[in-house]
Every structure is written in C-alpha cells, then in structure tokens.
Amino acid sequence: MAETDTPKIEKPMVLVVACALVDADGRVLITQRPEGKTLAGLWEFPGGKVDPGEVPEEALIRELHEELGIETKTSCLAPLTFASFSYEKFHLLMPLYVCRRFWGIPEGREGQALKWVRPNRLRDYPMPPADEPLIPFLTDLL
Ligand code: 9L3
Ligand code: MG
C-alpha cells in the first residue's frame with residue numbers, strides 16, 4: 001500500500017460513551033461488569049453504546065439512568081478525553097466525560113457492584129484495556 005493510501009478499516013467502529021462521576025470528596029465511581037457480560041469482573045467507568053440517532057451526551061444520560069438510576073443533564077457533562085482500543089471484532093472509540101452534578105444516589109440497577117475510589121487508587125482495580133489509559137487524565141484533573 002502506498003503511503004498516501006487511506007488504510008482500510010476492516011472492523012466496525014463502535015462508539016461507547018463513559019463517565020467519571022465525581023462525588024463531593026473527589027472520589028470517582030467505578031462499576032464492576034457483571035457475570036454474563038463481556039469483560040465480566042473488570043471495573044469500568046459507567047456508560048454504554050451510543051444508539052443510532054443519539055449524540056454522546058444523550059446516550060450517557062440514558063445509560064446513567066438505566067444502569068445507576070441517577071439523573072443528570074448535558075450542561076453537567078464536561079468532555080475530558082477519548083479512549084480507543086482495537087478489540088478482536090471491533091474498534092472501540094470512547095469519549096470520557098466528567099460529571100460532578102447529578103441527582104439521586106447511584107445504585108447497581110443491573111446487579112453490578114459499585115465503588116467510589118480516590119483517583120490515585122484506581123490502579124488497584126483491574127479495568128478493561130480501554131479504561132486503564134484514562135486514569136492519568138483523572139489523577140491530573142482531580
Ligand atoms: N466498554 C469499555 N469500557 C467502558 C464501557 C462503558 C464499555 N467503560 C466496552 C465493553 C464492551 C463495549 O464497550 O466491549 C460495550 O459496552 P457494554 O454495552 O457491553 O456495556
Ligand atoms: Mg454499560
């Protein structure tokens with residue numbers, strides 16, 4: 001392939017949106033992927049797939065409601081960075097937002113365990129490969 005050719009994308013691109021929910025003490029919420037899901041047992045920043053027709057913020061507000069039972073709004077979501085990772089079957093592109101203002105107390109609506117963690121302790125929890133590189137952005141910010 002000549003250097004000027006655009007490389008072919010052979011795997012589908014999946015857009016997932018994730019959130020660092022931050023509490024009043026500066027701790028971040030991570031959730032454990034339940035049994036039966038891919039990457040079960042790993043700790044992640046909550047979120048999920050962006051559905052067709054959704055913008056990422058809408059998808060994140062929906063996912064946070066479905067998974068954790070909390071409410072927030074677009075003006076409370078600050079984009080921080082992107083993660084990307086090439087899985088065997090797809091490329092994952094995952095913007096990470098920071099949310100410090102939300103309503104309700106997060107609960108694991110899908111049976112997932114939750115933990116509020118200081119950013120400098122996030123390394124203690126095994127994470128999916130897309131999430132791990134996000135940690136330094138949070139330790140810098142918080
Ligand atoms: N994923 C990775 N890190 C995250 C999230 C929310 C999701 N913080 C990956 C896991 C799956 C894919 O994105 O491969 C879709 O997520 P889900 O719909 O299975 O939660
Ligand atoms: Mg999810």
Side-chain angles (χ1 to χ4, degrees), residues 1 3 5-142:
M1 186 170 65
E3 246 178 305
D5 287 351
T6 307
K8 283 201 195 83
I9 296 177
E10 282 151 9
K11 295 187 237 184
M13 176 74 83
V14 174
L15 181 59
V16 168
V17 64
C19 188
L21 280 180
V22 181
D23 74 3
D25 294 328
R27 295 177 306 175
V28 175
L29 187 76
I30 51 175
T31 60
Q32 192 174 32
R33 294 182 63 84
E35 286 309 316
K37 272 201 173 187
T38 53
L39 308 166
L42 298 182
W43 292 87
E44 68 180 9
F45 301 106
K49 289 195 186 87
V50 178
D51 286 340
E54 281 182 327
V55 296
E57 292 86 350
E58 277 179 290
L60 189 52
I61 291 166
R62 174 182 54 72
E63 288 281 346
L64 293 174
H65 181 74
E66 288 172 4
E67 294 185 353
L68 301 172
I70 60 169
E71 313 290 335
T72 188
K73 49 190 183 180
T74 302
S75 58
C76 301
L77 299 175
L80 181 62
T81 188
F82 279 86
S84 79
F85 189 80
S86 191
Y87 286 98
E88 197 195 329
K89 300 238 168 87
F90 61 92
H91 291 285
L92 176 76
L93 183 63
M94 188 172 78
L96 178 73
Y97 289 79
V98 174
C99 176
R100 298 170 186 266
R101 193 148 184 253
F102 52 89
W103 289 266
I105 297 166
E107 54 177 28
R109 289 236 169 138
E110 298 177 345
Q112 71 281 39
L114 310 185
K115 252 189 210 329
W116 288 100
V117 178
R118 304 219 164 275
N120 63 1
R121 303 316 301 265
L122 285 168
R123 290 251 171 252
D124 298 347
Y125 298 87
M127 286 188 158
D131 295 62
E132 223 171 73
L134 299 171
I135 295 174
F137 290 89
L138 291 168
T139 48
D140 281 358
L141 180 78
L142 300 171

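Just so you know, ligand 1 is whichever comes first in the structure, and atom 1 is the first atom listed for that ligand.
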Q: At under 4.0 Å between heavy atoms, which part of F85 makes contact with ligand 1: side chain, backbone, both or neither?
A: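 Under 4.0 Å from ligand 1, F85 contributes no heavy atoms.
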Q: Do the side chains of D51 and R62 get close enough for a salt bridge, i.e. N-O under 4.0 angstrom?
A: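 R62 and D51: salt-bridged.
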Q: Could you tell me, atom by atom, which parts of ligand 1 come under 4.0 Å of a heavy atom of K37?
A: 20 (O)
Q: Do E66 and R109 sit within salt-bridge range, that is, some charged N less than 4.0 Å from a carboxylate O?
A: no
Q: Using heavy-atom distances only, which candidate in E44, K49, K89 approaches atom 1 (N) of ligand 1 most closely?
A: E44
Q: Identify the closest protein heavy atom to atom 2 (C) of ligand 1: which residue and atom is it, and at what distance?
A: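 Checked against all protein heavy atoms, atom 2 (C) of ligand 1 sits closest to D131 OD1, 3.4 Å.
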Q: Taking 4.0 Å as the limit for heavy-atom contacts, which would you say applies to L92 with ligand 1: side chain only, backbone only, both, or neither?
A: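 The answer is the side chain of L92.
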Q: Which residue from L42, T31, L93, V16 reaches closest to atom 12 (C) of ligand 1 through any of its heavy atoms?
A: V16
Q: Check whether any N or O atom of E67, backbone or side chain, sits under 3.5 Å from an N or O atom of ligand 1, and answer yes or no.
A: no
Q: Of all the atoms in ligand 1, which lie at a distance below 4.0 Å from a heavy atom belonging to F45?
A: 4 (C), 6 (C), 8 (N)
Q: Can you tell me the protein heavy atom closest to atom 19 (O) of ligand 1 and the distance?
A: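 Of the protein heavy atoms, R33 NH2, 2.8 Å lies nearest.
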Q: I'd like to know whether ligand 1 has M127 as a neighbour, heavy-atom separation below 4.0 Å.
A: no
